[in-house]
S.K.: 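For reference, the structure I am asking about is given below.
What you see is a predicted model, and the numbers here were worked out from it, not measured in a lab. Sequential numbering from 1 along the given sequence is applied to the chain's residues.
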Amino acid sequence: MRISLKKSILTFSAGGFLSAVFLLPLSAGAQDKILNILYTGSRIGELEPCGCSPKTEGGGLARLSGYILKHKGELSPYVLVDAGNSMPEDTPQGRLKADVLLKSYNTMGYDAIAFFKRENAFPKDFLNPLVKKYDTPVISKDSRPEVVERGGLKINISSDRSALKKGRLNILLTDKPSSEAKSIKGWDVIITSFGETLDEPVTANGAIIVSGYPQGKELGILTLLFNEKGKLVKSGNRWQPLGKDIKEDANVRSVLNEYDAKVAELSKEDDRKTASGSQYIGAVNCVVCHRPFIDDWMGTRHSGAFASLVKVGKSQDPECVKCHVVGFGEGGFKGMQSTPELVNVQCESCHGPGREHANDYSKPMRPITESVCLKCHTKANSPDFEFQKYYDKINHK
């Protein structure tokens, strides 16, 4: 028979959850079983936080692995699963990320990793060798369910809603939103990678529905307590923050450092290419006519934006560089070797390419609007951004 989930569900506060859950077996019968489901999903290629804001610096593969290593004893027995949509986009840098992600998941001992839209965007002749190399327990339409046993419980993990197994704890990994997952019948636990944030689990049709935290900022921990007859009697879910207080796993950090070095090589190759015909001229040319404005700019954080990347070792990571220089990826900054005059957030970062204006002063530069700022001051990177407040800091006096 399918394990029943019709008993009451208890959710514990973030501060008291661990002590409460791990005391559950002490007050239960000797035959009772406990299981922790550690879950991630919707990582969308985020290997570690960018560090642009203290409010969004949580997460990262090295911290995730470090937390699991340190708390392995108290978390056991547990299963570790990723609900998918965790891969980056298919670009040269994205392929390096895909390798790092699967290698890190292998190091952590993931029991199941779902492949959905983002994973399937990669060509099979690229992804399949990686899956084989890192012995990845892939869950997809082309694979069979993963069956594992932990703490005396037989667990069936699948992404196929028709792949239920009687007499087992059935865990479904899906990319559907929780609103659609509510209509799925027969499963005990449903974990989504749609990208939504569920503060508390959703229950429907006897299932507990949870969602991987976007970008891996936090680790989901769903704790289940079963009685001697295999029925779920209590459950609790909490989010484990992955902040700076979490000691990183040195092995995963090493993998990330290797990735940074490879990304730097990609950037160096582009930097060695001779820049020609660029529409960007750099602030060094703007100063000829706009000295007062340049003096104002020198007093802003924009003028030293690149140094902040150097400080954290990300000065050659394209995903970071693009918002700390002029015209990256658009015929502007390539690197410090070929285009040093375009380093930092300069006039043209906000006002657009200036060559036409320099050749004919009657042609106006682009006015500053909120949409211009939002290209870099995104919610993820700049959660406190308020257009007028930030504009006042850089507005020319």
S.K.: Is any side-chain heavy atom of Lys247 closer than 4.5 Å to a side-chain heavy atom of Tyr67?
M.R.: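 Contact flag for Lys247/Tyr67 side chains = no.
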
S.K.: Does atom CD (Gln279) have a neighbourhood of more than 12 heavy atoms from anything else shown, all under 6.0 Å?
M.R.: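 Atom CD in Gln279 is packed in, count exceeds 12.
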
S.K.: Is it true that Val325 and Val345 fall in one hydrophobic cluster, defined by side-chain heavy atoms closer than 4.5 Å?
M.R.: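 Different hydrophobic clusters.
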
S.K.: Counting neighbours of CZ on Arg144 that are heavy atoms of other residues, nucleotides or ligands and sit closer than 6.0 Å, is the number greater than 12?
M.R.: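 Counting neighbours around CZ of Arg144, 12 or fewer heavy atoms of other residues, nucleotides or ligands fall under 6.0 Å, so no.
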
S.K.: Answer with yes or no whether the hydrophobic clustering places Leu101 together with Leu242; edges join I, L, V, M, F, W, Y residues whose side-chain heavy atoms lie under 4.5 Å apart.
M.R.: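 Yes, Leu101 and Leu242 fall within the same hydrophobic cluster.
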
S.K.: Can you say whether the rings of His302 and His377 are parallel (under 30°), tilted (30 to 60°) or perpendicular (over 60°)?
M.R.: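 Rings of His302 and His377: tilted, 30 to 60°.
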
S.K.: Nearest 0.5 Å please: distance from the CG atom of Leu198 over to the CD1 atom of Ile191.
M.R.: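 One finds 11.5 Å between CG of Leu198 and CD1 of Ile191.
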
S.K.: Check whether Val255 and Val131 end up in the same hydrophobic cluster, where Ile, Leu, Val, Met, Phe, Trp and Tyr are linked by side-chain heavy atoms less than 4.5 Å apart.
M.R.: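 Yes, Val255 connects to Val131 through the hydrophobic network.
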
S.K.: Using the six-membered ring of Phe122, assess whether NZ or CZ of Arg95 lies under 6.0 Å from its centre and within 45 degrees of the ring axis.
M.R.: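 Here Arg95 fails the 6.0 Å and 45° test against Phe122.
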
S.K.: Using side-chain heavy atoms (C-beta onward) and a distance below 4.5 Å, is Tyr213 in contact with Leu219?
M.R.: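 The answer is no, as the side chains (C-beta and beyond) never meet within the 4.5 Å cut-off.
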
S.K.: What's the spacing between Leu64 CG and Leu69 CG if we round to 0.5 Å?
M.R.: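 The distance works out to 9.5 Å.
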
S.K.: Please tell me if the side chains of Val189 and Leu224 come closer than 4.5 Å, counting only heavy atoms from C-beta onward.
M.R.: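 The answer is yes; the side chains approach within 4.5 Å.
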
S.K.: May I ask you to say whether Lys314 pairs ionically with Asp260, meaning some side-chain N is under 4.0 Å from a carboxylate O?
M.R.: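 Between Asp260 and Lys314 there is a salt bridge, with a charged N closer than 4.0 Å to a carboxylate O.
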
S.K.: Going through the distances and angles, do Cys323 and Cys376 end up as a disulfide bond (SG atoms under 2.5 Å apart)?
M.R.: CA-CA 6 Å; Cys323 284; Cys376 286; 2.2 Å; yes

S.K.: State the CD1-CD1 distance between Ile37 and Ile221, to the nearest 0.5 angstrom.
M.R.: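 Result: 11.5 Å between the selected atoms.
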
S.K.: Taking C-beta and beyond as the side chain, do Asn85 and Glu119 meet within less than 4.5 Å on heavy atoms?
M.R.: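 Yes; the side chains approach each other to less than 4.5 Å.
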
S.K.: Heavy atoms only: give me the nearest Val372-Pro367 pair and the separation to one decimal.
M.R.: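 Nearest heavy atoms, Val372 then Pro367: CG2-O, 4.2 Å.
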
S.K.: Should Leu61 and Glu48 be marked as a side chain to side chain contact (heavy atoms under 4.5 Å, CB included) after you check the CA-CA gap, both sets of side-chain angles, and the distance that decides it?
M.R.: CA-CA 6 Å; Leu61 295 172; Glu48 57 182 326; over 6 Å; no

S.K.: What are the two closest heavy atoms between Ala307 and Asn344, and how far apart are they?
M.R.: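 Minimum heavy-atom contact is N-OD1, 4.3 Å.
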
S.K.: How would you list all residue pairs meeting ring pair (Phe, Tyr, Trp, His ring centres under 6.0 Å) that involve residues 157-186, not counting sequence neighbours?
M.R.: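 For residues 157-186, and leaving out neighbouring residues, there are no ring pair (Phe, Tyr, Trp, His ring centres under 6.0 Å) pairs at all.
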
S.K.: Is there a donor-acceptor contact under 3.5 Å from the side chain of Ser382 to the main chain of Lys379?
M.R.: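 The answer is no, because no donor-acceptor pair under 3.5 Å joins these two groups.
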
S.K.: For Cys350, check disulfide (SG to SG under 2.5 Å) against everything at least two apart and list the hits.
M.R.: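 In terms of disulfide (SG to SG under 2.5 Å), with neighbours along the sequence ignored, Cys350 is linked to no residue.
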
S.K.: Could you tell me the separation between the CD1 atom of Ile208 and the CG atom of Leu222, rounded to the nearest 0.5 Å?
M.R.: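 One finds 5.0 Å between CD1 of Ile208 and CG of Leu222.
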
S.K.: Measuring only between side-chain heavy atoms, which start at C-beta, is Ser86 closer than 4.5 Å to Tyr105?
M.R.: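 Answer yes - side chains close enough.
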
S.K.: Hey, could you give me the CD1/CZ distance between Ile368 and Phe387, rounded to the nearest 0.5 Å?
M.R.: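 The CD1 atom of Ile368 sits 7.5 Å away from the CZ atom of Phe387.
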
S.K.: Taking only Lys NZ, Arg NE, NH1 and NH2, and the carboxylate oxygens of Asp or Glu, determine whether Asp111 and Arg150 approach each other closer than 4.0 Å.
M.R.: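 Yes, this pair counts.
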
S.K.: Short question: side chain of Gln346, backbone of Gly282 - any donor-acceptor pair under 3.5 Å?
M.R.: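 Checked: no pair found.
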
S.K.: Quick one: sort the His290 and Phe293 rings into parallel, tilted or perpendicular, breaks at 30° and 60°.
M.R.: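 Parallel: the ring planes of His290 and Phe293 meet at under 30°.
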
S.K.: Test side-chain hydrogen bond (donor to acceptor under 3.5 Å, both in side chains) on Asp160 and Ser158 and set out the steps.
M.R.: CA-CA 5 Å; Asp160 180 358; Ser158 180; 5.3 Å; no

S.K.: Is there a side-chain contact between Lys176 and Phe194 (heavy atoms, below 4.5 Å)?
M.R.: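 A side-chain contact under 4.5 Å is absent here.
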
S.K.: Quick one, Asp175 and Thr192 - any side-chain contact, counting heavy atoms below 4.5 Å?
M.R.: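 In short, these two side chains do not touch, never coming nearer than 4.5 Å.
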
S.K.: With distance as the sole criterion, is a donor-acceptor pair present between the side chains of Tyr280 and Asn285 under 3.5 Å?
M.R.: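 Not at all, the side chains of Tyr280 and Asn285 share no donor-acceptor pair under 3.5 Å.
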
S.K.: Using salt bridge (charged side-chain N to carboxylate O under 4.0 Å, His left out), reason through Lys268 and Glu265 one step at a time and then give a plain yes or no.
M.R.: CA-CA 5 Å; Lys268 287 179 181 178; Glu265 283 302 314; 3.7 Å; yes

S.K.: Dump the intermediate steps for ring pair (Phe, Tyr, Trp, His ring centres under 6.0 Å) on Tyr390 and Phe385, then the final yes or no.
M.R.: CA-CA 7 Å; Tyr390 277 55; Phe385 178 75; 4.9 Å; yes

S.K.: Show the numbers, then the answer: is there a side chain to side chain contact (heavy atoms under 4.5 Å, CB included) between Ile190 and Thr174?
M.R.: CA-CA 7 Å; Ile190 300 175; Thr174 179; 3.7 Å; yes

S.K.: Locate the shortest heavy-atom distance separating Met365 from Gly354; write the atom from each residue and the value.
M.R.: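 Closest approach of Met365 to Gly354, heavy atoms only: CE-CA, 3.8 Å.
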
S.K.: Does atom CD of Glu356 have more than 12 heavy-atom neighbours from other groups under 6.0 Å away?
M.R.: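 Count not over threshold, so no.
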
S.K.: Yes or no on side-chain hydrogen bond (donor to acceptor under 3.5 Å, both in side chains) for Glu348 and His351, after CA distance, side-chain angles and deciding distance?
M.R.: CA-CA 5 Å; Glu348 294 168 290; His351 292 289; over 6 Å; no

S.K.: Would you call Glu57-Arg63 a salt bridge at under 4.0 Å N-O?
M.R.: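 A salt bridge is present here (some side-chain N lies under 4.0 Å from a carboxylate O).
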
S.K.: Can you list the steps and then say if Ile113 with Val81 is a side chain to side chain contact (heavy atoms under 4.5 Å, CB included)?
M.R.: CA-CA 6 Å; Ile113 301 168; Val81 300; over 6 Å; no

S.K.: If every non-hydrogen atom of Pro340 is compared with every non-hydrogen atom of Gln337, which pair is closest and at what distance?
M.R.: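 Closest approach of Pro340 to Gln337: CD-O, 4.1 Å.
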
S.K.: Are Ile294 and Val343 co-members of a hydrophobic cluster defined by side-chain heavy atoms under 4.5 Å apart?
M.R.: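 The answer is no; the residues belong to distinct hydrophobic clusters.
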
S.K.: Of all the heavy-atom pairs spanning Gln240 and Ile246, show the shortest one and how long it is.
M.R.: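 Smallest heavy-atom distance, with atoms named: NE2-CD1, 4.0 Å.
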
S.K.: Is the shortest side-chain heavy-atom distance between Asp249 and Thr107 below 4.5 Å?
M.R.: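 A side-chain contact under 4.5 Å exists here.
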
S.K.: Run the salt-bridge test on Glu248 and Arg253 with the 4.0 Å N-O cut-off and return the result as yes or no.
M.R.: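 Yes, Glu248 and Arg253 are salt-bridged.
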
S.K.: Begin from the C-alpha positions of Gln93 and Asp317 and carry the test side-chain hydrogen bond (donor to acceptor under 3.5 Å, both in side chains) through to its verdict.
M.R.: CA-CA 9 Å; Gln93 184 175 0; Asp317 188 328; 2.8 Å; yes

S.K.: In terms of hydrophobic clustering (I, L, V, M, F, W, Y; side-chain heavy atoms under 4.5 Å; direct or indirect links), are Ile281 and Val326 co-clustered?
M.R.: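 No, separate clusters.
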
S.K.: So does Glu330 pair up with Lys322, basic N to acidic O under 4.0 Å?
M.R.: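 No, Glu330 and Lys322 are not salt-bridged.
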
S.K.: Applying side-chain hydrogen bond (donor to acceptor under 3.5 Å, both in side chains), run through Tyr110 and Thr136 and close with a yes or a no.
M.R.: CA-CA 8 Å; Tyr110 267 76; Thr136 307; over 6 Å; no

S.K.: Name all pairs fulfilling the salt bridge (charged side-chain N to carboxylate O under 4.0 Å, His left out) condition that reach into residues 211-223, sequence neighbours left out, sorted by first residue then second.
M.R.: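 Qualifying pairs: Glu46-Lys217.
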
S.K.: Determine the minimum heavy-atom distance between Asn106 and Tyr134, stating which atoms define it.
M.R.: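 Nearest pair, atom of Asn106 first, then Tyr134: ND2-O, 2.6 Å.
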
S.K.: Let me confirm one number: the CG-CG distance from Asn120 to Asp90, rounded to the nearest 0.5 Å.
M.R.: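 Here the interatomic distance stands at 12.0 Å.
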
